[in-house]
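Notes follow once the structure below has been shown.
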Amino acid sequence: MKNILVTGGAGFIGSHLCEKLINEGNHVICVDNFFTGSRKNVEHLLDNREFELIRHDIIEPIILEVDQIYNLACPASPVHYQYNAIKTIKTNVIGVTNMLDLADETHARILQASTSEIYGDPVVHPQKEDYWGNVNPIGIRSCYDEGKRVAEALMMDYHRQHKVDIRIIRIFNTFGPRMAQNDGRVVSNFIIQALKNEDITIYGDGSQTRSFCYVDDLVKGMTVLMNKEDFMGPVNVGNDAEYTIKELAKMIIELTDSKSKLIYKPLPSDDPCKRRPDLTLAKEKLGYTPTVNIKDGLLKTIEYFKTVL
Ligand code: NAD
Ligand code: UDP
């Protein structure tokens, strides 16, 4: 049994991670400021005496005795990370520094939830870990993508300077139950619109692509990386099946048997044209391959949204 801190543990991915770690017999401390996460996401764990929930903002330091830290605290949806852009940068700089100081003091291993966004609007396709990216440093997404790039730099500098035991995972678009209703990301927006027979809002012409990973696959890859000796990443984890946003919309209409129509809205600035992970390194180092195909994942997510709507 390990003592494990999960920051952002009341969020979408964090709640699935806490559940998995508890089921595997660990003691889990979930720290969250409830900006985009909620107590409801971890309600089913609250009666377990190996689970602790603390309302705390990682921008403030915290002292806890732990063996491992999963640092997920950070809003992930463009709508939410742009709502208070300065706060998003602080979470990725001051917050990550606080978590690295904690790892340094307690000799804990720390895993940083990085993102495919560090590749920006990629000119290399699919994206491999040695690609340095194409990011606008002054755009509306930079609070998040530059923030996450600084977070990776901080992780590497604490490793080089203080020998902190680090892991960096670059997460590609992940979806599943417990995404917030007001999350604003494409999968939750389209499913909610389809279930309500409302217009499906495609930004741009819908030819931009993403590769969607079901949350169970992602969380598995995350725990394998955390517990792997002699490999710290960065490593891409996701699903390498690539779809246009228009294809995704049509698939969701079909799976929900919806009467929704497609409508087109302006594409937000700096919205990446394409994205797909090269998973060669994940396969080689972690034995990782995604197992849930997009339709099965969408069906589970649709069932979830039917219960919350
Ligand atoms: P989410 O918004 O559901 O979860 C983020 C959680 O962090 C929420 O519970 C929120 O309340 C909490 N939080 C935010 N700022 C905080 C702070 N300063 N202090 C304490 N808690 C704070 O998003 P998610 O999709 O679950 O993403 C989790 C992590 O994975 C994020 O770091 C995100 O950048 C990363 N990620 C997610 C995806 C994806 O597709 N879901 C892709 C790439 C990276
Ligand atoms: N998108 C869309 N309609 C929506 C929400 C998003 O067409 O209602 C598009 C968005 O412009 C982007 C893609 O879907 O091109 C994925 O957006 P999301 O916010 O889910 O993730 P990210 O852009 O961070 O990969």
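Order of listing sets the numbers, starting from 1, for every ligand and every atom in it.
Residue S116 places no heavy atom under 4.0 Å from ligand 1. Close to ligand 1: A10, with a non-hydrogen atom less than 4.0 angstrom away. In this structure, T7 falls outside the shell of residues with a heavy atom less than 4.0 angstrom from ligand 1. Distances shorter than 4.0 angstrom do not occur between any heavy atom of K90 and any atom of ligand 1. Judged by the shortest distance from any of its heavy atoms, R178 lies outside the 4.0 Å radius around the atoms of ligand 1. Put simply, no part of E117 is less than 4.0 Å from ligand 1, judged by heavy atoms. For Y81, the heavy-atom gap to ligand 1 stays at 4.0 angstrom or more.
Contact detail for I22 and E50: the closest heavy-atom pair is CD1-O, 3.4 Å. Nearest heavy atoms, C30 versus F51: CB-CZ, 3.6 Å.
Any N or O atom pair closer than 3.5 Å counts here, and I171 shares no such pair with ligand 1. Remark: ligand 1 and I59 share no N or O pair separated by less than 3.5 Å (distance only, no angle test). Inclusion of T91 in the set of residues having an N or O under 3.5 Å from an N or O of ligand 1 is warranted. Some N or O of R185 is nearer than 3.5 Å to an N or O of ligand 1, by distance alone. For a threshold of 3.5 Å applied to N or O pairs, the pair formed by F35 and ligand 1 contains at least one separation below that value. The shortest N or O to N or O distance between G37 and ligand 1 is below 3.5 Å. Remark: ligand 1 and K148 share an N or O pair separated by less than 3.5 Å (distance only, no angle test).
Contacts between H80 and ligand 1 below 4.0 angstrom, taking non-hydrogen atoms only, are absent altogether.
With respect to atom 34 (O) of ligand 1, the closest heavy atom belonging to the protein is Y144 OH, 2.6 Å. Of the protein's heavy atoms, T36 OG1, 3.7 Å lies nearest to atom 1 (P) of ligand 1. The protein heavy-atom contact nearest to atom 28 (C) of ligand 1 is L72 O, 3.7 Å. Protein heavy atom at the shortest distance from atom 44 (C) of ligand 1 is S114 O, 3.4 Å. Of all protein heavy atoms, the one closest to atom 11 (O) of ligand 1 is D32 OD1, 2.6 Å. Of the protein's heavy atoms, I58 N, 3.0 Å lies nearest to atom 19 (N) of ligand 1. Closest to atom 18 (N) of ligand 1, if we only count protein heavy atoms, is D57 OD1, 2.9 Å. For atom 40 (O) of ligand 1, the closest non-hydrogen atom on the protein side is T174 N, 2.8 Å.
Taking the charged nitrogens against the carboxylate oxygens, K40 and E43 do have a contact shorter than 4.0 Å, which makes a salt bridge. The pair E242-K274 fails the salt-bridge criterion, with no side-chain N (NZ, NE, NH1 or NH2) lying under 4.0 Å from an Asp/Glu carboxylate O. Between D130 and K128 no salt bridge is recorded (no basic side-chain N to carboxylate O distance below 4.0 Å). Between R160 and D157 there is a salt bridge, since at least one side-chain N of the basic residue sits less than 4.0 Å from a carboxylate O of the acidic one. The residues D57 and K87 are annotated as salt-bridged, a charged nitrogen and a carboxylate oxygen being separated by less than 4.0 angstrom. A salt bridge is defined here as a Lys NZ or Arg NE, NH1 or NH2 lying under 4.0 Å from an Asp or Glu carboxylate O, and K20 with E24 meets this definition. Salt bridge E117/R141: present, at least one basic N to carboxylate O contact under 4.0 Å. With respect to the salt-bridge test (charged N to carboxylate O, under 4.0 angstrom), the residues R109 and D165 qualify. Under the 4.0 Å criterion applied to side-chain N and carboxylate O atoms, K259 and D199 are not assigned as salt-bridge partners. Electrostatic pairing of K300 and E303 does not count as a salt bridge here, judged by no charged N lying under 4.0 Å from a carboxylate O.
Counted within 6.0 Å of CG on L309, heavy atoms from surrounding residues, nucleotides or ligands total more than 12; the atom is thus considered enclosed. Heavy-atom contacts from other residues, nucleotides or ligands closer than 6.0 Å to OH of Y83 number 12 or fewer. The number of heavy atoms from other shown groups lying within 6.0 Å of CD (E65) does not exceed 12. By the 6.0 Å contact criterion, CG on D257 is open, its count of non-hydrogen atoms from other residues, nucleotides or ligands being 12 or less.
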List, pair by pair, the atoms of ligand 2 and of the protein that are both N or O and lie under 3.5 Å apart, giving the separation rounded to 0.1 Å.
unit_1: ligand 2; atom_1: 3 (N); unit_2: T201; atom_2: O; d: 2.7
unit_1: ligand 2; atom_1: 7 (O); unit_2: Y203; atom_2: N; d: 2.8
unit_1: ligand 2; atom_1: 8 (O); unit_2: N189; atom_2: ND2; d: 2.8
unit_1: ligand 2; atom_1: 8 (O); unit_2: T201; atom_2: O; d: 3.4
unit_1: ligand 2; atom_1: 8 (O); unit_2: T201; atom_2: OG1; d: 3.1
unit_1: ligand 2; atom_1: 8 (O); unit_2: Y203; atom_2: OH; d: 3.4
unit_1: ligand 2; atom_1: 11 (O); unit_2: D271; atom_2: OD2; d: 2.6
unit_1: ligand 2; atom_1: 15 (O); unit_2: Q208; atom_2: NE2; d: 3.0
unit_1: ligand 2; atom_1: 15 (O); unit_2: R210; atom_2: NH2; d: 3.4
unit_1: ligand 2; atom_1: 15 (O); unit_2: D271; atom_2: OD1; d: 2.5
unit_1: ligand 2; atom_1: 15 (O); unit_2: D271; atom_2: OD2; d: 3.3
unit_1: ligand 2; atom_1: 20 (O); unit_2: V186; atom_2: N; d: 2.8
unit_1: ligand 2; atom_1: 21 (O); unit_2: N173; atom_2: ND2; d: 3.4
unit_1: ligand 2; atom_1: 23 (O); unit_2: R141; atom_2: NH2; d: 3.0
unit_1: ligand 2; atom_1: 23 (O); unit_2: R210; atom_2: NH2; d: 3.1
unit_1: ligand 2; atom_1: 24 (O); unit_2: E117; atom_2: OE2; d: 3.3
unit_1: ligand 2; atom_1: 24 (O); unit_2: R141; atom_2: NH2; d: 3.1
unit_1: ligand 2; atom_1: 25 (O); unit_2: N173; atom_2: ND2; d: 2.9
unit_1: ligand 2; atom_1: 25 (O); unit_2: R210; atom_2: NE; d: 2.8
unit_1: ligand 2; atom_1: 25 (O); unit_2: R275; atom_2: NH1; d: 2.7

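N236 and Y119 share a donor-acceptor pair across their side chains, judged by distance under 3.5 Å alone. A donor-acceptor pair shorter than 3.5 Å can be found between the side chains of Q68 and N227.
Taking each of A180, A113, G238, A76 in turn, the one with a heavy atom nearest to atom 24 (P) of ligand 1 proves to be A76. Of the candidates G11, G14, C74, the one placing a heavy atom closest to atom 15 (N) of ligand 1 is C74.
Below 4.0 Å from some heavy atom of N173 lie the following atoms of ligand 1, by number and element: 40 (O). Shown in contact with H56 at under 4.0 Å from a heavy atom are these atoms of ligand 1, numbered in order with element: 19 (N), 20 (C). Listed by number with element, the atoms of ligand 1 under 4.0 Å from a non-hydrogen atom of F34 are 11 (O). The atoms of ligand 1 that sit less than 4.0 Å from any heavy atom of G8 are 6 (C), 7 (O), 9 (O), 12 (C).
Residues satisfying the salt bridge (Lys or Arg N to Asp or Glu O under 4.0 Å) test with K228, not counting sequence neighbours, are none.
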For this session: Just do the ring-ring contact (aromatic ring centres under 6.0 Å, His included) check on Y214 and F175 with the steps written out, would you?
Result: CA-CA 5 Å; Y214 188 66; F175 71 99; 5.8 Å; yes
